[in-house]
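Atom set for the values below is all heavy atoms of this structure, side chains included, hydrogens, waters and symmetry mates excluded.
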Amino acid sequence: MNKYSYLAVIAVVFYFLNSFFLSSGGIGYDSLSYFGIASDLPALKANLFPLGYPVVIWIFHFVFQDYFWAVKMLNITMVVIILLFSHFKRFYFRETVLLFTGKAMFFSLNLAVSEGPFLFFTYFLMFLLHQRFHEKICSRKFIVFTTLILVALFTVRYSGIYIYMGIGAFWLMVKLLNRKLDSERDLFWVLVFAGIGILCYLGFNYYTYSSFTGENLRGAPAHYFPIYILRDLLGVTNVVDPFIGLKPASNSWVSIGFQLLIMVLDFFLLGYFVKLYRRKKDALIVDFYWLLWTVAIFYTVTLFISGLVQQIEEMNVRMLAAANLIFFFSFLLIYFKNLKSDRLIFGVGCFFLFFLMAYHLKNPVYYFKNRDQIKPQMSKFKDRKYSFNDEKDGPGLITVYHIPLINKELRYKHTQNQLGDVKISVAGTINPQIKWLKYDTIKDKSQVLYTSELKLKR
């Protein structure tokens with residue numbers, strides 16, 4: 001085994017163990033929504049989220065009979081499949097292993113989020129595009145498999161439409177610039193067939209739910225203050241950084257200053273990336289890279305605009321994971337081209353894999369300890385229909401970081417490790433038929449399980 005094989009094994013072990021030491025097991029509010037949809041199947045009740053991820057959860061739950069283990073085994077299965085595929089197909093194994101040392105893969109495949117399968121399909125989309133542009137796959141196979149991948153992306157996350165549109169934007173530029181491209185016809189047919197598939201799914205949604213993407217369930221966009229737009233822009237610039245994605249929830253001057261510093265580093269990294277491309281472009285099939293970058297940029301910009309007009313999460317590592325993965329993979333392919341020594345990149349990859357693990361587990365709590373306390377209590381609440389976190393305004397878990405050079409303190413409230421959040425996450429994993437509420441709007445309070453009713457000792 002070479003050093004990348006050893007690093008791959010370490011990554012698999014880290015990815016498997018990580019969520020055991022997160023207080024909520026890597027389960028968030030969106031996870032509970034996906035569990036709720038999966039537990040309702042085959043009944044179809046809402047389309048706020050597409051069915052792709054819940055269906056896969058439902059399949060794994062059928063095998064493991066537990067929602068935590070269903071997601072855990074799904075995530076680790078995707079990790080192993082990508083690594084084995086890369087190894088046996090001899091498809092940039094070094095570069096693929098290093099992807100798992102970056103923030104996009106780490107955060108998406110260690111939590112119960114739809115970004116995990118979304119990145120899984122994005123990886124194989126990049127494989128198919130690479131093979132076609134390098135003439136290693138015939139047109140028919142490329143069209144069939146790429147079409148299926150694009151439709152699958154949309155059924156996992158509605159934002160998959162932006163990847164589809166990014167490919168469309170690249171094809172349109174090729175036509176307008178009259179550029180000779182052997183794969184132009186294939187891309188056209190992919191857009192046609194994938195477009196039909198996506199329209200069929202939207203038609204199914206409208207027939208079943210009377211809405212295309214649950215637009216009637218999203219609510220009006222929150223009022224945007226300049227600070228939130230700034231935070232979104234900082235998230236957008238951070239999309240080129242493969243490793244550092246620290247984004248404190250605080251809006252203090254120290255927090256914003258730190259993020260601005262990260263932005264400066266991101267611009268330096270982008271400058272290095274551009275210089276690297278210019279130095280090696282004669283040895284590259286440049287159209288392939290321009291396609292990847294067009295998709296990544298289009299995805300980032302359209303998602304940012306979506307955040308301004310609808311109620312979605314701010315631009316962060318999770319939201320922009322697909323674009324970040326595409327940028328990182330393209331960077332690695334160029335970096336390794338005619339490379340004399342890989343010591344530096346291998347060392348950086350190892351460092352950040354350990355750094356991300358340490359950062360993720362900065363306050364380790366054994367998940368099963370929390371689960372073992374909550375599970376016996378749930379039988380008392382089996383008739384409840386909803387759950388609500390009524391402990392949001394409590395003191396919470398706060399860590400004070402001392403900054404020696406400026407003699408300041410940064411107080412950080414851990415958003416995923418608060419008592420009420422942990423209770424509702426664990427409870428929702430045990431009984432996903434109790435649907436969580438963002439707001440306490442139910443008039444009959446006897447139908448609601450309040451987190452304050454659950455006992456949890458830390």
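- Using a 4.5 Å cut-off on side-chain heavy atoms (C-beta onward), L98 and L7 make contact.
- Defined by atom type and a distance below 3.5 Å, a donor-acceptor pair is missing between the side-chain atoms of Y366 and S23.
- Considering only heavy atoms from C-beta on, S108 stays 4.5 Å or farther from R318 through its side chain.
- A 4.5 Å side-chain heavy-atom check between I285 and H134 finds at least one atom pair inside the cut-off.
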| request: Apply side-chain contact (heavy atoms from CB on, under 4.5 Å) to F204 and L51, showing your working. | output: CA-CA 11 Å; F204 163 80; L51 286 172; 3.8 Å; yes
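- Note that the CG atom of L260 and the CG atom of L265 stand 11.0 Å from one another [nearest 0.5 Å].
- In summary, the side chains of Y162 and T300 do not present any donor paired with an acceptor at a separation below 3.5 Å, with no hydrogens or angles considered.
- Two residues are said to be in side-chain contact when any heavy atoms from C-beta on lie closer than 4.5 Å; L187 and F142 meet this criterion.
- Contact detail for F243 and L356: the closest heavy-atom pair is O-CD2, 4.0 Å.
- Taken from CD1 in I161 to OG1 in T302, the straight-line distance is 10.0 Å, to the nearest 0.5 Å.
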| field | Trace of the salt bridge (charged side-chain N to carboxylate O under 4.0 Å, His left out) decision for D186 with K141 | value | CA-CA 10 Å; D186 293 349; K141 285 185 178 180; over 6 Å; no
| message | Test side chain to side chain donor-acceptor pair (under 3.5 Å) on N389 and K438; report intermediate values, then the result. | response | CA-CA 8 Å; N389 179 7; K438 187 173 183 179; over 6 Å; no
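- Looking at heavy atoms from C-beta onward, S31 lies out of side-chain contact with V71 at the 4.5 angstrom threshold.
- Minimum heavy-atom separation, W171 to L191: CB-CD1, 3.9 Å.
- Side chains of R157 and S114: a donor on one and an acceptor on the other come within 3.5 Å.
- With sequence neighbours excluded, the residues forming a side chain to side chain contact (heavy atoms under 4.5 Å, CB included) with N18 are L22, F106, N110, M357, H360, L361, listed by chain and number.
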| request: Determine, stepwise, if the pair L202 / F154 fulfils side-chain contact (heavy atoms from CB on, under 4.5 Å). | output: CA-CA 10 Å; L202 289 172; F154 186 74; 3.6 Å; yes
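- In this structure, W293 has its ring center no closer than 6.0 Å to that of Y299.
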Under 3.5 Å, which donor-acceptor pairs do the side chains of residues 268-276 form with other protein atoms, sequence neighbours left out?
none

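- Aromatic rings from F68 and F368 are positioned such that their centres are separated by under 6.0 Å.
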| task | Let me see the working for F124 and I82 under side-chain contact (heavy atoms from CB on, under 4.5 Å), right down to the final yes or no. | result | CA-CA 8 Å; F124 286 101; I82 290 176; 4.1 Å; yes
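- Among residues two or more places apart in sequence or in another chain, the ring pair (Phe, Tyr, Trp, His ring centres under 6.0 Å) test is passed with F60 by none.
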| query | How far apart are the C-alpha atoms of V365 and F21, what are their side-chain angles, what is the distance that settles it, and do they pass the side-chain contact (heavy atoms from CB on, under 4.5 Å) test? | reply | CA-CA 5 Å; V365 177; F21 300 98; over 6 Å; no
| Verdict with supporting geometry, F336 and Y92, ring-ring contact (aromatic ring centres under 6.0 Å, His included) | CA-CA 10 Å; F336 274 98; Y92 300 111; 9.1 Å; no
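- Taking the six-membered ring where the residue is Trp, F346 and Y4 present perpendicular rings, their angle passing 60° and hence far from 30°.
- Remark: Y206 OH is loosely packed, at most 12 non-hydrogen atoms of other residues, nucleotides or ligands lying under 6.0 Å away.
- Checked against the 6.0 Å centroid threshold, W436 and Y29 count as a close aromatic pair.
- Considering all non-hydrogen atoms of both residues, I57 and A70 come closest at O-CB, 4.1 Å.
- Among all heavy-atom pairs drawn from Y367 and G25, the shortest one is CD1-N, 3.3 Å.
- F93 CZ: more than 12 foreign heavy atoms inside a 6.0 Å radius.
- Cation-pi contact between K72 and F20: present, with separation from the ring centre below 6.0 Å and deviation from the ring axis of at most 45°.
- Side-chain contact between H61 and F35: absent, with no pair of heavy atoms (C-beta onward) separated by less than 4.5 Å.
- For S24 and S425, the side-chain atoms include no donor-acceptor pair closer than 3.5 Å.
- Side-chain atoms of D342 and Y335 include no donor-acceptor pair closer than 3.5 Å.
- Comment: D287 engages R179 in a salt bridge, judged by a side-chain N to carboxylate O separation of less than 4.0 angstrom.
- Of the residues D40, T208, I37, the one that meets the side chain to side chain contact (heavy atoms under 4.5 Å, CB included) test with K45 is D40.
- Looking only at distances, a side-chain donor or acceptor of N75 sits under 3.5 Å from a matching main-chain atom of L111.
- Remark: the backbone N or O of D241 is paired with a side-chain donor or acceptor of N324 at under 3.5 angstrom.
- Two rings, from F85 and F127, have their centers less than 6.0 Å apart.
- D30 and Y53 share no side-chain donor-acceptor pair at under 3.5 Å.
- Heavy atoms of other residues, nucleotides or ligands lying less than 6.0 angstrom from CH2 of W290 number 12 at most.
- Taken to the nearest 0.5 Å, the CD1 atom of I10 stands 11.0 Å off from the OG atom of S5.
- G116 and L109 get closest at one heavy-atom pair: CA-CD2, 3.7 Å.
- Closest approach of F100 to L353, counting heavy atoms only: O-CD1, 3.7 Å.
- The distance from atom CH2 of W189 to atom CD1 of I143, rounded to the nearest 0.5 Å, is 8.5 Å.
- Taken to the nearest 0.5 Å, the CD atom of E313 stands 10.0 Å off from the CG atom of L320.
- Considering only heavy atoms from C-beta on, V113 stays 4.5 Å or farther from F118 through its side chain.
- Taking the ring axis of F352 as reference, the NZ or CZ atom of K103 does not stay both within 45° of it and closer than 6.0 Å to the ring centre.
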| message | Does Y277 form a side chain to side chain donor-acceptor pair (under 3.5 Å) with S330? I'd like the steps, not just the answer. | response | CA-CA 10 Å; Y277 166 73; S330 63; over 6 Å; no
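- Within 6.0 Å of NZ on K375 lie no more than 12 heavy atoms contributed by other residues, nucleotides or ligands.
- With K362 contributing its side chain and Y359 its backbone, the two residues share a donor-acceptor pair below 3.5 Å.
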| Residue pair F91, H130: steps toward the ring-ring contact (aromatic ring centres under 6.0 Å, His included) verdict | CA-CA 10 Å; F91 180 69; H130 176 277; 5.3 Å; yes
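- One finds no salt bridge joining R132 and D182 here, because no Lys/Arg side-chain nitrogen approaches an Asp/Glu carboxylate oxygen to under 4.0 Å.
- Here the CZ atom belonging to R94 is positioned 7.0 Å from the CG atom belonging to L339, to the nearest 0.5 angstrom.
- For the pair F49/Y158, no side-chain contact is recorded, criterion being any heavy-atom separation below 4.5 Å from C-beta on.
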